[in-house]
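The sequence lines fix the lettering, A, B, ..., with proteins before strands; numbering per chain opens at 1. In what follows, every heavy atom counts, from backbone to side chain, and hydrogens, waters and symmetry copies are set aside.
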Amino acid sequence: PEPAFDGAIAAYLLNPGRTVYRIEDLAREFGLPEVPEGETPGAVAGRAGALLALRPALESALREAGLWSLFAEIEMPLVGILARMEATGIAVQREALEEMGRELEERILAVQQEIFQRVGYTFNLNSPKQLADVLFGKMGLPVIKRTKTGPSTDAEVLEELALQEPLVERILDYRTLVKLKGTYVDGLAPLIEADGRIHTTFNQTVAATGRLSSADPNLQNIPIRIEEGRRIRKVFIPGEPGWVLFAADYSQIELRVVAHFSGDEALLDAFRQDQDIHTRTAAEVFGVPMEEVTPEMRRRAKAVNFGLIYGQSDYGLARALGIGRGEAKEFIQRYFDRYPGVKAYMEQKVQEAREKGYVTTLLGRRRFLPEIHARTFAVRQNAERAAINTPIQGTAADLMKKAMVAICRRLDASGLRARLLLQVHDELVFEAPPEELPALYELVVGEMERALTLRVPLKVEAKVGRNWYEMEPYTP
DNA sequence: GGGTGGCATTGATAA
DNA sequence: CATATCAATGCCACCT
């Protein structure tokens with residue numbers, strides 16, 4: 001079921017940075033008569049009338065901005081797809097989740113005991129303020145950095161303090177365990193509905209870059225990097241007996257988009273040869289053959305690649321790698337020597353934002369950046385990074401959304417029983433009967449790889465598993 | 001005193 | 001002093 005016109009989505013495309021979508025405000029913005037506020041019959045009727053009148057106004061505005069096809073061919077069809085994904089939900093093994101909760105609870109109590117024992121008294125370990133009193137007051141540890149309100153106790157600080165005070169390691173453990181239990185066990189459990197499934201909400205008008213977001217619960221930030229947290233994924237299972245989960249994710253989508261936009265020869269070459277992009281970057285930056293790239297060189301190159309997508313500064317890179325600012329500056333210098341097209345692209349985007357007031361993605365999605373003219377350096381620099389990052393992140397979002405629309409059309413027509421469950425920015429998760437996997441693979445990977453034609457191939461990797469933890473590479 | 005709302009801090013994902 | 005989100009807890013102001 002696909003609605004014909006959604007005024008909020010129209011307003012979002014016209015300015016994805018907005019945070020309110022009240023009809024009263026949109027009416028004012030698009031030159032309609034003032035709508036009374038409140039819940040009186042007059043106000044309610046006024047809003048209904050204004051919404052009707054808004055449609056042609058929004059439609060013209062979309063056409064004038066070159067956003068009509070993005071609206072009509074991608075965002076509107078996506079509305080029904082997301083609605084169905086939400087209604088479908090993803091099955092969760094309640095028993096396994098509760099068991100994880102009990103184990104975490106035990107470990108939390110043990111770690112807590114150990115900490116209180118060594119400190120000599122109990123306090124609220126969850127309070128950064130009380131923790132700071134213990135660490136920097138009683139124990140006399142050095143303050144590494146400050147927040148607005150006092151000494152910081154974030155993970156970066158604690159990791160440094162752990163070098164001289166082993167107890168701090170336990171505090172880090174405590175934080176990890178409490179995060180897992182609070183957000184991912186106690187947070188998810190009450191959201192399991194009577195059908196044994198969790199039904200998230202995908203928000204289509206929140207992210208200024210064009211991405212989706214997920215809330216209540218957020219299923220786009222289920223742990224994966226750290227093994228302890230990754231285990232949470234075991235509780236997400238197929239909802240039908242004998243079925244499996246199937247996931248397809250774009251490989252290095254954002255760097256491929258950079259290659260496309262910048263036309264940088266070395267970057268294009270790397271993807272056309274399907275090279276490991278971080279190894280190739282290391283080889284370029286450190287001036288060695290790819291075979292001689294060490295793990296440490298690759299790690300640093302990877303940080304540079306991520307930094308580039310975000311509009312890195314030498315300061316930010318230095319912090320990410322734990323090196324000096326001078327050294328970081330050298331890396332960036334050498335990177336731009338090797339990838340001059342990327343440097344030119346970045347400068348061009350900032351210039352474009354200054355001249356036009358906005359930047360755009362491949363499909364014309366735009367983001368206004370009025371702060372590009374700010375007098376305050378930090379504010380202006382923030383806008384400059386957004387000018388660089390938004391076309392990259394937003395084009396990746398365009399691609400994925402276009403693929404979702406194509407995939408769901410074909411899936412509906414195919415007679416396959418497989419169902420799309422989740423989107424995690426560069427990844428789609430399905431549940432499917434195993435016998436459908438070869439057909440599902442062809443359909444999904446094919447549509448994702450051909451969603452748009454860039455100057456480099458798009459690569460999609462597929463995985464299959466009996467839960468979201470045990471996903472193994474899949475090729476038919 | 002209890003309830004509520006907002007800000008600050010922290011940390012999870014995209015990898 | 002890296003891009004974009006969402007959410008938990010603590011803490012404080014405010015209200016009744």
Side-chain angles (χ1 to χ4, degrees), chain A residues 16-17 19 123-132 145-158 171-172 174-188 191 200-203 205-226 228-230 232-233 249-255 258 277-278 299 302-321 325 328 332 346 359 367 369 377-378 381-394 396-397 400 422-427 461:
Chain A
T19 53
F123 61 99
N124 186 348
L125 252 178
N126 298 326
S127 160
K129 197 166 158 230
Q130 293 185 35
L131 179 61
K145 64 176 174 186
R146 300 190 150 272
T147 67
K148 277 177 206 170
T149 56
S152 170
T153 67
D154 70 16
E156 196 181 319
V157 167
L158 296 186
I171 296 170
L172 282 163
Y174 175 84
R175 284 253 177 97
T176 302
L177 296 169
V178 164
K179 176 77 177 178
L180 290 179
K181 181 165 188 292
T183 303
Y184 298 106
V185 176
D186 300 342
L188 289 180
L191 299 177
T200 184
T201 299
F202 287 105
N203 218 311
T205 59
V206 165
T209 55
R211 276 186 173 187
L212 299 177
S213 74
S214 156
D216 303 306
N218 182 358
L219 293 184
Q220 291 180 325
N221 76 341
I222 303 300
I224 189 167
R225 296 176 216 195
I226 311 293
E228 289 220 297
R230 189 174 188 142
I232 296 285
R233 293 185 170 230
D249 73 284
Y250 279 116
S251 167
Q252 302 294 351
I253 185 66
E254 293 191 336
L255 286 173
V258 173
I277 191 62
H278 303 313
R299 190 181 77 86
K302 188 173 171 179
V304 173
N305 277 330
F306 280 121
L308 122 81
I309 291 169
Y310 301 143
Q312 69 194 342
S313 69
D314 48 4
Y315 214 108
L317 182 67
R319 218 179 45 147
L321 281 174
R325 194 158 87 240
I332 295 171
M346 292 170 64
V359 290
R367 178 177 182 184
L369 296 168
F377 178 74
Q381 223 189 18
N382 217 17
E384 290 175 0
R385 283 194 294 268
I388 293 165
N389 175 263
T390 297
I392 301 170
Q393 200 181 108
M400 178 55 102
L422 301 176
Q423 188 251 41
V424 191
H425 309 308
D426 70 342
E427 174 187 26
E461 293 172 348

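- Residue contacts shown for A/R211 include a base, since a base heavy atom lies under 4.0 Å away.
- Distance check, rounded to the nearest 0.5 Å: CZ of A/F123 to NZ of A/K129 gives 14.0 Å.
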Exercise. Just do the side-chain contact (heavy atoms from CB on, under 4.5 Å) check on A/Q252 and A/N305 with the steps written out, would you?
Key: CA-CA 10 Å; A/Q252 302 294 351; A/N305 277 330; over 6 Å; no
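- A/V206 comes within contact range of the sugar-phosphate backbone alone, with a heavy-atom separation under 4.0 Å but no base atom that close.
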Exercise. Starting at the 5' end of nucleotides 2-12 of chain B, put B wherever the base has a protein heavy atom under 4.0 Å, S where only the sugar-phosphate does, and a dash everywhere else.
Key: ------SSSBB
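- Residue A/N124 is in sugar-phosphate contact alone, with no base atom involved, counting any heavy-atom pair closer than 4.0 Å across all strands shown.
- In this structure A/K145 satisfies the salt bridge (Lys or Arg N to Asp or Glu O under 4.0 Å) test together with A/D154, A/E156, sequence neighbours excluded.
- Looking at every heavy atom in both residues, A/G229 comes nearest to A/L180 through CA-CD2, 3.5 Å.
- With a cutoff of under 4.0 Å to any heavy atom of chain A, the contacted region of DNA chain C is bounded 5' to 3' by C/dC1 to C/dC12.
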Quiz item: How far apart are the C-alpha atoms of A/I253 and A/M400, what are their side-chain angles, what is the distance that settles it, and do they pass the side-chain contact (heavy atoms from CB on, under 4.5 Å) test?
Solution: CA-CA 10 Å; A/I253 185 66; A/M400 178 55 102; over 6 Å; no
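- Nearest heavy-atom pair, A/Y184 versus A/N221, reported as atom, atom and distance to 0.1 Å: OH-O, 2.6 Å.
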Can you give me every donor-acceptor pair (side chain of residues 307-319 of chain A, partner residue at least two apart or in another chain, under 3.5 Å) with its distance?
from	atom 1	to	atom 2	distance (Å)
A/S313	OG	A/Y315	N	3.4
A/S313	OG	A/G316	N	3.0

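- A gap of 16 Å separates the P atoms of C/dA2 and B/dG11, to the nearest Å.
- When heavy atoms are screened at a 4.0 angstrom cut-off, A/R230 is found touching no nucleic acid atom at all.
- Between A/V424 and A/L219 the shortest heavy-atom distance is CG2-O, 4.2 Å.
- Across all their heavy atoms, A/N126 and A/N124 have their closest contact at N-OD1, 2.8 Å.
- Within residues 302-317 of chain A, the residues having any heavy atom under 4.0 Å from DNA chain B are, by residue number, A/F306, A/Y310.
- Closest approach of A/T200 and A/A215 over heavy atoms only: OG1-O, 3.2 Å.
- When heavy atoms are screened at a 4.0 angstrom cut-off, A/A320 is found touching base atoms of the nucleic acid.
- Contacts of A/Q130 with the nucleic acid, taken as non-hydrogen atoms under 4.0 Å apart, involve only primed sugar atoms and P, OP1 or OP2.
- In this structure, A/N203 reaches neither bases nor backbone, as no heavy-atom distance under 4.0 Å exists between it and the strands shown.
- As judged by a 4.0 angstrom heavy-atom cut-off over every strand, A/N382 is placed among residues touching the sugar-phosphate backbone only.
- One atom, CG of A/L219, and another, C1' of B/dA14, lie 14 Å apart when rounded to the nearest Å.
- With sequence neighbours excluded, no residue forms a ring-ring contact (aromatic ring centres under 6.0 Å, His included) with A/H425.
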